[in-house]
Number of protein chains: 2
Amino acid sequence: MEQGHTDVTDSCRVVAPILNRIGDKWTVQVVRLLGDGPRRFNEIKRMVDGVSQRMLTLTLRGLERDGLVNRTVFPTIPPRVDYELTDLGRSLWLPVQALGLWAYEHHGEISRAQKAFDKRAGLSEEQPRKIAAAGMAGR
Amino acid sequence: MEQGHTDVTDSCRVVAPILNRIGDKWTVQVVRLLGDGPRRFNEIKRMVDGVSQRMLTLTLRGLERDGLVNRTVFPTIPPRVDYELTDLGRSLWLPVQALGLWAYEHHGEISRAQKAFDKRAGLSEEQPRKIAAAGMAGR
DNA sequence: CGGCATCCACCGGGATACTG
DNA sequence: CAGTATCCCGGTGGATGCCG
C-alpha cells in the first residue's frame, strides 16, 4: 500500500464498507470458525449459535462474493457443501484476530465504562461529564 | 442457547458487539479523525462528509459511553464541545488501523472478486462455482 | 442436506424542526 | 454552536414453507 497518503477520509471511504461487511452480525464468527479449517453448512450453523439459515446463507454468499471463502459442492445425495477460507480470507483473519484480541483484552474496561456512564445518566440528567473552565476555550 | 464448543465462539461473542460498534456507519471515521487530535462537534461534522448531526451525536455518545472518547464542555457562549480519544480509544485505534490497512491493500482484490462473482451470477443462473467429484465427500 | 422465497417485525439512520 | 425531539422510510434479519 502507498504510505503517506494523506487524507483520513480517503482511506476511510475504502475501509468503511469493508468494516461493514466484517462487522455485520455473523461474518466475524464465521471467518474465525473457518480459520480453523473447512466446514459444511449445517456444521457452521450448529457452531454459530443463534444464526438463522437465511442469514448464514447470506453471510457465506457475501464472503464468497468478496473472494474470502471458497464454496465447494459435492453432488452427492444428500448434498454436501463445504466452505473454507481462501488465501485472501486467511489474510483477513489476522487483523480480525488482532481486533478480537483487543476486544477480549478491553471488554472489561468497556463494560465498566458503560456502567459508569449509564449510572451518571440514570442518577441525574444534569450530571456534568467534564466541565472545562470558561476562558480556556481558545486553542 | 448452546455452548460447550471451542474457545472460538467464546471470544467471538465478546468480539461481535465491539465489531458492531466499530463497524457501524460512522465510528471508524470518527475514531480515525480523532486519532489526529481533539476536535469540536461541527468540526467533525464538516470533516465526516455525509453524516447527519443526529448520527454524529449518537456515534459520539456511544464512543463516550464505551470510554473511548472524552467529551469536554466549555460553558461559553456560544457553547463549545471538544471530543478526544481516551487512552482506551487510542489503543483501539491501532488494530483498527491494521484492519484499515488490510482493507486498503486488498480492496482491489475484493472488488475484482465481486465483479467476477456478479458476472458468473449474471451470465448463467446455474453456473457451477466449484464442483468436487462425488465420492470424496467422506472425511 | 442445503438451499431459496416469502412475509413481517424491528431499528438504523436521514430530514426536519425546535431548544439552551 | 451543540445539541434534543419527531417523523418516516428502507434495509436487516427472524420465522416459516417449499424444492432439488
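All chains are named by letter (A, B, ...) in the order of the sequence lines, taking the proteins before the strands, and each is independently numbered beginning at 1. Side chains are part of it too, since the values below use all heavy atoms of this structure and drop only hydrogens, waters and symmetry mates.
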- Message: Can you confirm whether more than 12 heavy atoms, excluding those of A/W26, are under 6.0 Å from its CH2 atom?
- Response: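 Yes, because the 6.0 Å sphere around CH2 of A/W26 holds more than 12 heavy atoms from other groups.
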Salt bridge (Lys or Arg N to Asp or Glu O under 4.0 Å): pairs with one or both residues in [range], sequence neighbours excluded:
range                      : answer
residues 86-104 of chain A : A/D87-A/R90
residues 92-105 of chain A : none
residues 93-104 of chain A : none

Within the sub-3.5 Å range, which N or O atoms of nucleotides 6-11 of chain D have a protein N or O partner, and how far apart are they?
none

- Query: Which part of the nucleic acid, if any, lies within reach of A/K45 when heavy atoms closer than 4.0 Å are counted: base, sugar-phosphate only, or nothing?
  - Reply: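 No contact.
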- Message: For A/E109, give me all partners under side chain to side chain donor-acceptor pair (under 3.5 Å), at least two apart in sequence or on another chain.
- Response: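 Here the qualifying residues are A/H106.
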- Using side chain to side chain donor-acceptor pair (under 3.5 Å) as the criterion, list what pairs up with A/T59, not counting sequence neighbours.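 Per chain and number, A/T59 pairs via side chain to side chain donor-acceptor pair (under 3.5 Å) with no residue.
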Rounded distance (Å) that lies between atom [atom2] of [N] and atom [atom1] of [X]:
X     : N      : atom1 : atom2 : result
B/D24 : D/dT12 : CG    : C1'   : 15 Å
B/F74 : D/dA2  : CZ    : P     : 11 Å
B/M55 : C/dG13 : CE    : C1'   : 5 Å

Just to verify, what does [X] make a side chain to side chain contact (heavy atoms under 4.5 Å, CB included) with, not counting sequence neighbours?
X      : value
A/Q114 : A/I110, A/S111, B/R65, B/D66
A/S52  : A/R54, A/M55
A/N20  : none

- Message: Nearest to the side chain of B/N42, heavy atoms from C-beta on, is which of C/dC4, D/dG13, D/dA2?
- Response: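 Of C/dC4, D/dG13, D/dA2, D/dA2 is nearest to the side chain of B/N42.
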- Specify the residue among A/L60 and B/V51 whose closest nucleotide of DNA chain C lies further upstream toward the 5′ end.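 Comparing both residues, the 5'-ward one is A/L60.
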- Check whether any side-chain N or O of A/R61 sits under 4.0 Å from OP1 or OP2 of C/dG3, and answer yes or no.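 So the side-chain polar atoms of A/R61 do come within 4.0 Å of the phosphate oxygens OP1 or OP2 of C/dG3, strictly under.
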- If only side-chain N and O atoms of A/R40 are considered, is one of them under 4.0 Å from the OP1 or OP2 phosphate oxygen of C/dC1?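 No, because none of the side-chain N or O atoms of A/R40 sits under 4.0 Å from OP1 or OP2 of C/dC1.
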Each nucleotide N or O in nucleotides 17-20 of chain D that has a protein N or O under 3.5 Å away: list the pair and distance.
{"unit_1": "D/dG17", "atom_1": "O6", "unit_2": "A/Q53", "atom_2": "NE2", "d": "3.2"}

- Have a look at the helix from C/dC1-D/dG20 to C/dG20-D/dC1 and give the angle its two end axes make, five pairs each, rounded to 10 degrees.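 The angle separating the two end axes equals 40°.
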